[in-house]
Amino acid sequence: MSHNNFYITTPIYYPSGKPHMGHAYSSILADVFARFKRIDNFNVHFLTGTDEHGLKIQKAAEKDKSDTLVYCNKISKTFKDLSVKLNLSNNDFIRTTEKRHFASVNEIWNRLVTSGDIYLSTYKGWYSVSDEAYYNSDEITDKNGKKVSTFSGSPVEWMEEESFFFKLSKWQDKLLEFYEKNKDFIHPITRRNEVINFVKGGLKDLSVSRTSFTWGIPVPNNKKHVIYVWLDALANYLSALNFPNINDKLYKTFWPASLHVIGKDILRFHAIYWPAFLLAAKIEPPLRIYSHGWILSGDEKMSKSKGNILNPLEIIAKYGIDQLRYYLMKEVSHGSDGNISLINLEKCINSDLANNYGNLCQRVFSFIKNNCKSRVVKNKNLSKEDLNLISKTNKLTINLKAFMNNNDLNNYIKSTIEISFLTNKYINDEEPWKLKKTDIDKMNNILHLCLEQIAKISILLNPVIPIATTKVLEALKVSSKSKNLSFIKNNAIIDNDITLGDLNILFQKIN
RNA sequence: GGCGGGGUAGCUCAGUUGGUUAGAGCGCAGGACUCAUAAGCCUGAGGUCGGUGGUUCGAUCCCACUCUCCGCUACCA
């Protein structure tokens, strides 16, 4: 992959339930990175999709009295719809029930067999039918003479079943070496440390096939077995690039992936299993895994019984997608769990979007419409105050790329909205309304700089709030070509002689 | 239990490689202005920087102990 290509993915979602805020967060996060890279001149490929493998899906379909694939079509669509509602700019949407994915998983499996990393043996352990889970002997207690799971209390029985295993143990040292060589492979650092710690504790071989159900990709040459969900699911990142056709343009351009955005609950699969599978299959591992935290509501995980569920679709319907995107990206702090609430969402919309950025646009556009017939001509040199504003703005933009490269959206947004603060203050200090009758040229210059500032903020916020900023940039006659980071510091995004398009209120205030 | 990360203004957090008055945003109080979505701007109130002890001329920042919260600790994903 050359330096100007950027391949970013969300997890593929498991549609056993309805899309929730966690899905929305992962997707928006990835979308913001994707959009940012695009305005930073990268050739971006952005992938999302659904994982439709396994017993839960199979059972849900039975319960629904549907054919399993028909059922999958239905629930996968809810996620595809969500990606539209979230205004994702994904280039592709992959489903694990697609042909291209079968081909890719088969190839990986065969490569692992050929390399000697997969062998047939027996899986033994305490199995709970109701939990669909195996437990270790230290997770089992005696209750009335019966063995039960310490966690769920459900009865367990000793099971032995034939299973294929992946020689994960063999990759322990190689993984540690890989982490050491690739310091940025796992973000944030605390997650990286956890993973390394875990691997150092020793890796057991991994059971990579199941015989208890059929809804999945069969093991080549042994139809009794279905390939383990993660070996199946992770391969989607390759399938979407038309692997195993390694001469395909997509594959050649975009592999290895630049960034897998995931939630912390699936970190192990991405940070340990995935590179191990790939190294064993002689495929280059991705460059980075970014593991974000959970979205909590009032300090607690959202749950039906607590009645604290915040449904992304309802919030979008009530407040708007730009609003939700901005709030999540600004408030959920980098890498850790984030508490969200409607009260804080409303505060955030009012203070940053309506009162600050939105009102800045409004006051400048209205002023120019009412006093200059929507036309502004820059015709003087910059004043000391102008230069001061520009230099402060440039200072704020210096670190923006670094913030993004560090997956630090919070600081990116804080710095950007700070430009809006500065510009609002500049208008108050310069008082262009007082110059109407005394110095029209100076007034024009001030207004022109305000527009320039608005253009900068709009470009910078475009990855986060694409709808509103696009409206502003259109009204400013900024071409899509100029919608680019490289124009920010030149202070010459808009024309010197500009006639503004109309701009309505961007963000309604919430009372 | 083991390993790791926190505890700083009402809330969310930043910060100090130890050094005179500890910062931001939101919220709150007051003021001047009026182009704007009664938005924006200025000023202010508010913190013994979890607790105790130690090192030091000096610690919120270093060390020890302690209280407390959280994360990870493999086959559900």
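Because only heavy atoms are used, hydrogens play no part in the values below, and waters and symmetry mates are left out as well, while side chains stay in. In this text, all values refer to a predicted model and were calculated from it rather than measured experimentally. Chain letters run A, B, ... following the sequence lines, proteins first and then strands; every chain starts at 1.
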- Picking from B:rG25, B:rU37, B:rC35, the nucleotide nearest the side-chain atoms of A:Asn428 would be B:rC35

- Message: Applying a 4.0 Å non-hydrogen cut-off, can you work out what A:Leu206 is touching in the nucleic acid: base, sugar-phosphate, or nothing?
- Response: base

- Centroid distance under 5.5 Å and plane angle under 30°, A:Phe367 vs B:rC35: no

- Message: Taking only the C1' atom of each, what is the distance from B:rA39 to B:rU34 in whole angstrom?
- Response: 11 Å

- Query: Would A:Trp230 and A:Phe269 count as a close aromatic pair, with their ring centres under 6.0 Å?
  - Reply: yes

- How close or far is atom P of B:rA39 from atom CZ of A:Phe421, stated in whole angstroms? 15 Å

- Whether A:Phe79 and A:Tyr13 hold their rings parallel, tilted or perpendicular, with breakpoints at 30° and 60°: parallel

- Item | B:rC28 to B:rG15 separation - P atoms, rounded to the nearest Å | 27 Å

- Task: Answer with base, sugar-phosphate or nothing: what part of the nucleic acid does A:Val364 contact at a heavy-atom distance below 4.0 Å?
- Result: nothing

- Message: Suppose you measure atom P in B:rU20 against the same atom in B:rG58; what distance do you get, rounded to whole Å?
- Response: 14 Å

- Using a cut-off of 4.0 Å on non-hydrogen atoms, how would the nucleic acid contact of A:Lys509 be classed: base, sugar-phosphate, or nothing? base

- Item | Euclidean distance, atom CD1 of residue A:Ile57 to atom C1' of B:rC76 [Å, nearest integer] | 13 Å

- Would you check if there is a donor-acceptor pair between the side chains of A:Thr10 and A:Ser27 at a distance under 3.5 Å? no

- Message: Using a 4.0 Å heavy-atom cut-off, does A:Asn355 contact any base of the nucleic acid, only the sugar-phosphate backbone, or nothing at all?
- Response: sugar-phosphate

- A:Lys170, NZ: over 12 other non-hydrogen atoms inside 6.0 angstrom: yes

- Task: By nearest nucleotide on RNA chain B, pick out whichever of A:Lys347 and A:Gln508 is the more 5' one.
- Result: A:Lys347

- Task: Using the C1' atom as the reference point in each nucleotide, state the distance between B:rC3 and B:rA74 in Å, no decimals.
- Result: 16 Å

- Under 4.0 angstrom, heavy atoms only, what part of the nucleic acid is A:Ser207 near: base, sugar-phosphate, or nothing? base

- Message: Output the rounded distance in Å from CE (A:Met443) to P (B:rC35).
- Response: 12 Å

- Message: Aromatic contact between A:Phe164 and A:Trp109, with the criterion being ring centroids under 6.0 Å apart: yes or no?
- Response: yes

- Message: If you only use heavy atoms from C-beta on, which nucleotide in B:rC13, B:rC76, B:rU37 is closest to the side chain of A:Lys56?
- Response: B:rC76

- Query: For RNA chain B, what string of dots and brackets results from 5' to 3' when Watson-Crick and G-U pairs need both distances under 3.5 Å, crossing pairs get [ ], and pairs with another strand get |?
  - Reply: (((((((..((((.....[...)))).((((.........)))).....(((((..]....))))))))))))....

- Item | Nearest to side-chain heavy atoms of A:Phe269, which nucleotide of B:rA74, B:rA36, B:rA77 | B:rA77

- note: A:Glu431, atom CD; B:rC35, atom C1'; distance rounded to Å ~ 11 Å

- Same-atom distance (P) from B:rC13 to B:rG30, integer angstrom: 29 Å

- Message: Counting the atoms with a prime plus P, OP1 and OP2 as sugar-phosphate, which does A:Asn511 contact under 4.0 Å by heavy atoms, base, sugar-phosphate, or nothing?
- Response: nothing

- Task: Output the single nucleotide from B:rG40, B:rC72, B:rC75 whose closest atom is nearest the side chain of A:Arg210.
- Result: B:rC75

- Query: How would you label the contact of A:Leu203 with the nucleic acid (heavy atoms, under 4.0 Å): base, sugar-phosphate, or nothing?
  - Reply: base

- Message: Counting only side-chain heavy atoms from C-beta out, which of B:rA74, B:rG5, B:rC72 sits nearest to A:Leu168?
- Response: B:rA74

- Item | Nearest listed nucleotide, side chain of A:Phe198, among B:rA39, B:rC75, B:rU73 | B:rU73

- Task: May I ask you to say what A:Gly263 touches in the nucleic acid, namely base, sugar-phosphate or nothing, with a heavy-atom cut-off under 4.0 Å?
- Result: nothing

- Message: Nearest to the side chain of A:Trp433, heavy atoms from C-beta on, is which of B:rU34, B:rA39, B:rU37?
- Response: B:rU34

- Item | From B:rU37, B:rC75, B:rU73, nucleotide with atom closest to A:Leu506 side chain | B:rU37

- Is the A:Tyr179 ring parallel, tilted or perpendicular to the A:Phe185 ring (thresholds 30°, 60°)? parallel

- Please state the C1' separation for the pair B:rC61 and B:rU37 - nearest whole angstrom. 44 Å

- Of the candidate nucleotides B:rU73, B:rA36, B:rA77, which contains the atom at the shortest distance from the side chain of A:Tyr228? B:rA77

- CG-NE2 distance between A:Leu409 and A:His292, expressed to the nearest 0.5 angstrom: 11.5 Å

- Message: Using whole Å, what does the distance between atom P of nucleotide B:rC76 and atom CZ of A:Phe213 come to?
- Response: 11 Å

- Message: Between the base of B:rG4 and the side chain of A:Asn197, is one N or O donor paired with an acceptor at under 3.5 angstrom?
- Response: no

- Query: Quick one: A:Lys471 NZ to B:rU37 C1', roughly how many Å, whole number?
  - Reply: 14 Å

- Quiz item: cation-pi between A:Lys124 and A:Trp158, 6.0 Å / 45°: no

- Item | Whichever of A:Asn350 and A:Lys330 has its nearest RNA chain B nucleotide further upstream toward 5' | A:Lys330

- Task: Establish whether the base of B:rA36 is bridged to the side chain of A:Asn359 by a donor-acceptor pair shorter than 3.5 Å.
- Result: yes

- A:Asn344 has an atom CG; how far is it from atom P of B:rG10, in whole Å? 17 Å

- A:Lys414 side chain: which of B:rC13, B:rA36, B:rC75 is closest? B:rC13

- Note on the structure: Separation of B:rA77 atom P from A:Gln58 atom CD, nearest Å, is 14 Å

- Item | B:rU43 versus B:rG4 - spacing of their C1' atoms, nearest Å | 44 Å

- Query: What is the ring orientation for A:Phe165 with A:Tyr119, classed by angle as parallel under 30°, tilted 30 to 60°, or perpendicular over 60°?
  - Reply: parallel

- Do the charged groups of A:Lys59 and A:Glu62 touch, with an N to O distance under 4.0 Å? no

- Item | Lys/Arg N to Asp/Glu carboxylate O, A:Asp439 vs A:Lys434, below 4.0 Å | no

- Query: Taking the P atom of each, how far is B:rU60 from B:rA9, in whole Å?
  - Reply: 15 Å

